[in-house]
Amino acid sequence: MSQAVGVKVDRLDAIRSHLYANGFSTIQALADAIGASLATVRRDLQILEQEGAIDRVHGGARIAEGSSVEVAFQEREKRHLSAKRAIATAAYGLLHPRTAIFLDAGTTVLQLARLVRINPMPLRIFTNGLTVAQEFLNIPNLEVVLLGGQLRSENASLVGPQAEAMLETLWFDQLFLGASAISSDGAIYSVDSAEASLNRRMLARSANRFVLADSSKFGTTATYKVAPLDTAKVITDSGLSRHWRDELVNFGVDATIADLRAKE
């Protein structure tokens, strides 16, 4: 990708993010926010409108109906990106050719999927993540299976009884699972009941289980408990506090700390 094209893509992402965060914005407000001319913003808005990402209204623009979920996922994907990439690099080093692995739909696991896309090896990959599955289009040496089920738009994932029934017929050498929250009680939590239920089935159907969670997830909570943290090994980043490093030892959790400096 040329530098000019890269700048344009960054600008389009900036416009989408601004509109998602602020709702309707005038062309002048967008120009001020992204540091571009009015003419450039107008051209960019035309592109985004053609893509169906935004609606142009008199004097400005807003996120198109139906696209806010996609933008929300992209916003979560960008948070703590250096940590997620460091964790993904550590996880990639644990992969073994010619094995069956499950990659869940989380944004940290997505970074692992992107490493596999760049450096593929013979793998049988199962996932319930639409975005994860898309990473593997036309990549050699990969056999990719996407679970069926009910679409959970908030996470671009498939959940529900059909997905759980399919898991009951499968066995995985390795599971790489994301986490919405890791609470002070030493458990993994999810924001969605169907996702939590499916996560529990993933854990039960896997020989080697890894939770990929950046340090911001520790000491937080969500509504639905998935499982005790010691049912899996943890891969996190070096931003994890001393308190939580000690807590992982107390909980009997085998943890790998990925060095953030290696990704800077």
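Since this is a predicted model, take the numbers as computed values, not measurements.
Hydrophobic clustering of Ile, Leu, Val, Met, Phe, Trp and Tyr side chains at less than 4.5 Å, counting indirect connections, unites Leu203 with Leu167. Ile257 and Leu229 fall within the same hydrophobic cluster, defined by Ile, Leu, Val, Met, Phe, Trp and Tyr side-chain heavy atoms under 4.5 Å apart, directly or through other members. In terms of hydrophobic clustering, with Ile, Leu, Val, Met, Phe, Trp and Tyr side chains grouped at heavy-atom distances under 4.5 Å, Leu45 and Ile47 are assigned to a common cluster. Tracing side-chain contacts under 4.5 Å through hydrophobic residues (I, L, V, M, F, W, Y), one never reaches Leu103 starting from Val159; they form parts of separate clusters. The hydrophobic clustering, which links ILVMFWY residues whose side-chain heavy atoms are closer than 4.5 Å, places Phe126 and Leu198 together.
Leu81 has its side chain within reach of Gln111: a pair of non-hydrogen atoms, C-beta onward, lies under 4.5 Å apart. Side-chain atoms of Asn119 and Tyr92, non-hydrogen and from C-beta on, do get closer than 4.5 Å to each other. Inter-residue side-chain proximity for Arg205 and Leu170 is flagged as unmet; no heavy-atom pair is nearer than 4.5 Å. Looking at Tyr189 and Val191, their side chains never come closer than 4.5 Å, going by heavy atoms from C-beta outward. Contact annotation: the side chain of Arg152 approaches that of Asn155 to within less than 4.5 Å [non-hydrogen atoms, C-beta and beyond]. By the 4.5 Å heavy-atom criterion applied to side chains, Met121 and Leu95 are counted as neighbours. Inter-residue side-chain proximity for Asp104 and Thr127 is flagged as unmet; no heavy-atom pair is nearer than 4.5 Å. Proximity of Glu135 to Val116: side-chain heavy atoms (C-beta onward) are nowhere separated by under 4.5 Å.
Residues Ser197 and Glu164 bring a donor and an acceptor atom of their side chains to less than 3.5 Å of each other. Under the 3.5 Å distance criterion, with hydrogens and angles disregarded, a donor-acceptor pair is assigned to the side chains of Thr107 and Lys84. Side chains of Glu195 and Asn199: no donor on one and acceptor on the other come within 3.5 Å. Ser216 and Asp214 share a side-chain donor-acceptor pair at under 3.5 Å. Under the 3.5 Å distance criterion, with hydrogens and angles disregarded, a donor-acceptor pair is assigned to the side chains of Thr40 and Arg43. Side chains of Ser157 and Asn128: no donor on one and acceptor on the other come within 3.5 Å.
With hydrogens and angles ignored, the 3.5 Å screen pairs a side-chain donor or acceptor of Gln174 with a backbone N or O of Leu94. With hydrogens and angles disregarded, a donor-acceptor distance shorter than 3.5 Å links the side chain of Thr236 to the backbone of Ala213. A donor-acceptor pair under 3.5 Å is formed between the side chain of Arg245 and the backbone N or O of Leu240. Within the 3.5 Å criterion, the main-chain N or O of Asn208 finds no donor-acceptor partner in the side chain of Ser206. Side-chain N or O atoms of Arg209 include one that pairs as donor or acceptor with a backbone N or O of Thr231 at under 3.5 Å. Although no hydrogens or angles enter the test, the distance criterion places no donor-acceptor pair under 3.5 Å between the side chain of Asp55 and the main chain of Arg62. Remark: side-chain polar atoms of Thr99 are not paired, donor with acceptor, to backbone N or O of Asp173 under 3.5 angstrom.
The line from CZ of Arg200 to OG of Ser190 is 9.0 Å long, rounded to the nearest 0.5 Å. Within the model, atoms CG of Leu248 and CG of Asp230 stand 10.5 Å from one another, a figure rounded to the nearest 0.5 Å. We find the CD1-NE2 distance between Ile34 and His18 to be 9.0 Å, quoted to the nearest 0.5 Å. Interatomic distance, CD1 of Ile27 versus CG of Asp44, reported as 11.0 Å (0.5 Å rounding). Rounded to the nearest 0.5 Å, atoms CD (Glu49) and CD1 (Ile54) are 5.5 Å apart.
Exactly one residue among Val253, Asp254, Ile188, Thr256 makes a side-chain contact (heavy atoms from CB on, under 4.5 Å) with Val234. That residue is Val253.
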For the pair Ile125 and Glu143, evaluate side chain to side chain contact (heavy atoms under 4.5 Å, CB included) and give the outcome as yes or no after the intermediate values. CA-CA 6 Å; Ile125 300 173; Glu143 178 185 334; over 6 Å; no
So Leu177 and Leu212, side chain to side chain contact (heavy atoms under 4.5 Å, CB included) or not? Walk me through it. CA-CA 6 Å; Leu177 180 69; Leu212 311 188; over 6 Å; no
Leu123 and Arg98: CA distance, side-chain angles, deciding distance, side chain to side chain contact (heavy atoms under 4.5 Å, CB included) verdict: CA-CA 5 Å; Leu123 287 170; Arg98 298 176 182 83; over 6 Å; no
Report the C-alpha distance between Met166 and Val145 in whole Å, list the side-chain angles of each, state the deciding distance to 0.1 Å, and finish with yes or no for side chain to side chain contact (heavy atoms under 4.5 Å, CB included). CA-CA 11 Å; Met166 187 172 178; Val145 178; 3.6 Å; yes
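For the pair Val41 and Ala31, the tightest heavy-atom approach, listed with the atom from each and the gap, is CG2-CA, 3.7 Å. The two atoms that bring Gly149 and Gln162 nearest to each other are CA-CB, 4.0 Å, heavy atoms only. When every heavy atom of Val144 is checked against every heavy atom of Phe136, the shortest pair comes out as CG2-CB, 3.7 Å. Residues Ala105 and Val132 share a closest heavy-atom pair of CA-CG2, 4.4 Å. Leu19 and Ser25 make their closest contact through CD2-CB, 3.8 Å (heavy atoms, listed as atom of the first residue, atom of the second, distance). Heavy-atom minimum distance, Ala179 versus Val211: CB-CG1, 4.2 Å.
Through side-chain heavy atoms spaced under 4.5 Å, either directly or across other Ile, Leu, Val, Met, Phe, Trp or Tyr residues, Leu146 is tied to Leu130, Leu151, Leu158.
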Can you give the donor-acceptor pairs under 3.5 Å from side chains of residues 219-226 to other protein atoms, not counting sequence neighbours?
from: Thr220; atom 1: OG1; to: Lys217; atom 2: O; distance (Å): 2.6

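For Phe176 and Phe102, the ring centers sit 6.0 Å or farther from each other.
More than 12 heavy atoms of other residues, nucleotides or ligands sit less than 6.0 Å from atom CZ of Arg117.
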